[in-house]
Amino acid sequence: NCAGIVGPTERTLTPEGNELTVATNVLGPHLLVTELLERLEGPYEDDNPGRLILATCAYAGGLNIDDLQCETEEPAPWSSRRAYRASHQATYLLAQALDRRLRQRFSRISVDTFTPGPSDTPLFAAWQACAAPAALRQPGPCAPPAVGAESALLLATRNNGRSIPS
């Protein structure tokens with residue numbers, strides 16, 4: 001899962017009343033993952049159990065757990081940067097919670113998160129333009145998208161350190 005947007009310039013709500021960045025980066029992917037869990041579990045005779053790989057961001061942070069919709073001024077007034085960073089922290093925390101829940105029920109599904117790093121993609125360009133603080137802006141060329149995808153591919157093709165048979 002690598003859904004994501006860098007929020008609009010003004011706080012925007014979905015028709016359901018959720019802040020748009022949180023809905024796109026957290027709620028939608030979490031709903032998709034929840035709906036796919038049974039299929040990912042697969043039959044026990046299957047040698048390749050399912051895995052969830054969730055993209056997050058090195059700039060994740062600032063989540064106010066009591067204000068997931070970024071409605072208050074704490075820790076800061078709404079901004080696309082605050083919503084983006086908080087949404088990626090929420091994704092990371094949800095991934096950890098889901099991994100714990102799956103392990104408690106002895107599920108074979110693995111849950112991993114990764115950070116693709118600065119890659120030359122439209123999403124990263126949008127982050128640079130409107131959400132990244134000046135001190136964090138990428139000073140030079142970014143890595144090609146394929147480099148950013150390497151971590152996800154590695155996670156998808158490994159099973160406890162062993163290559164998955166094809």
(Q) Under the rule for side chain to side chain contact (heavy atoms under 4.5 Å, CB included), what residues qualify as partners of E38, not counting sequence neighbours? (A) none
Q. Is L63 close to L68 at the side-chain level, that is, under 4.5 Å between some pair of heavy atoms?
A. yes
Q | Side-chain heavy atoms of I53 within contact of T113, under 4.5 Å | A | no
**Q.** Sequence-distant partners of Q96, side-chain hydrogen bond (donor to acceptor under 3.5 Å, both in side chains), two or more places apart
**A.** Y92
Q: State, yes or no, whether a side-chain contact exists between L13 and N18 at a heavy-atom distance under 4.5 Å.
A: no
Q) For Q89, which residues count as a side-chain hydrogen bond (donor to acceptor under 3.5 Å, both in side chains) partner, sequence neighbours excluded? A) none
(Q) The criterion is side chain to side chain contact (heavy atoms under 4.5 Å, CB included); which residues satisfy it with D99, sequence neighbours excluded? (A) R103, V111
Q) Other than L94, what residues sit in its cluster of Ile, Leu, Val, Met, Phe, Trp and Tyr side chains whose heavy atoms are under 4.5 Å apart, directly or through others? A) V22, V26, L27
Q: State the CG-CD1 distance between L102 and I109, to the nearest 0.5 angstrom.
A: 5.5 Å
Q | Closest non-hydrogen atom pair, C70 against A83 | A | SG-CA, 4.0 Å
**Q.** Partner set under side chain to side chain contact (heavy atoms under 4.5 Å, CB included) for T115, not counting sequence neighbours
**A.** T56, A58
**Q.** Min side-chain heavy-atom separation R51-L40 under 4.5 Å
**A.** no
Q: State the CG-CG distance between L98 and L37, to the nearest 0.5 angstrom.
A: 6.0 Å
Q) Between atom CD of E10 and atom CG of L20, what is the distance when rounded to the nearest 0.5 Å? A) 12.5 Å
Q. Where the side chain of S87 meets the backbone of Y84, is there a donor-acceptor pair that is under 3.5 Å apart?
A. yes
**Q.** Any residue meeting side chain to side chain contact (heavy atoms under 4.5 Å, CB included) with S79, in chain and number order, not counting sequence neighbours
**A.** R81, R82
Q | Same apolar cluster (I L V M F W Y, side chains within < 4.5 Å links), L32/L52 | A | yes
Q) Looking at A55 and T91, what are the two nearest heavy atoms and their distance? A) O-CG2, 3.9 Å
Q: List for me each residue that meets salt bridge (Lys or Arg N to Asp or Glu O under 4.0 Å) alongside D112, sequence neighbours excluded, and say none if there are none.
A: none
Q.
Quick check for you: to the nearest 0.5 Å, what is the distance between R85 atom CZ and N25 atom CG?
A. 13.5 Å
Q) If we ignore angles and hydrogens, is there a donor and acceptor under 3.5 Å between the side chains of W78 and E19? A) yes
Q) Can you tell me how far CD of E41 sits from OG of S107, rounded to the nearest 0.5 angstrom? A) 3.5 Å
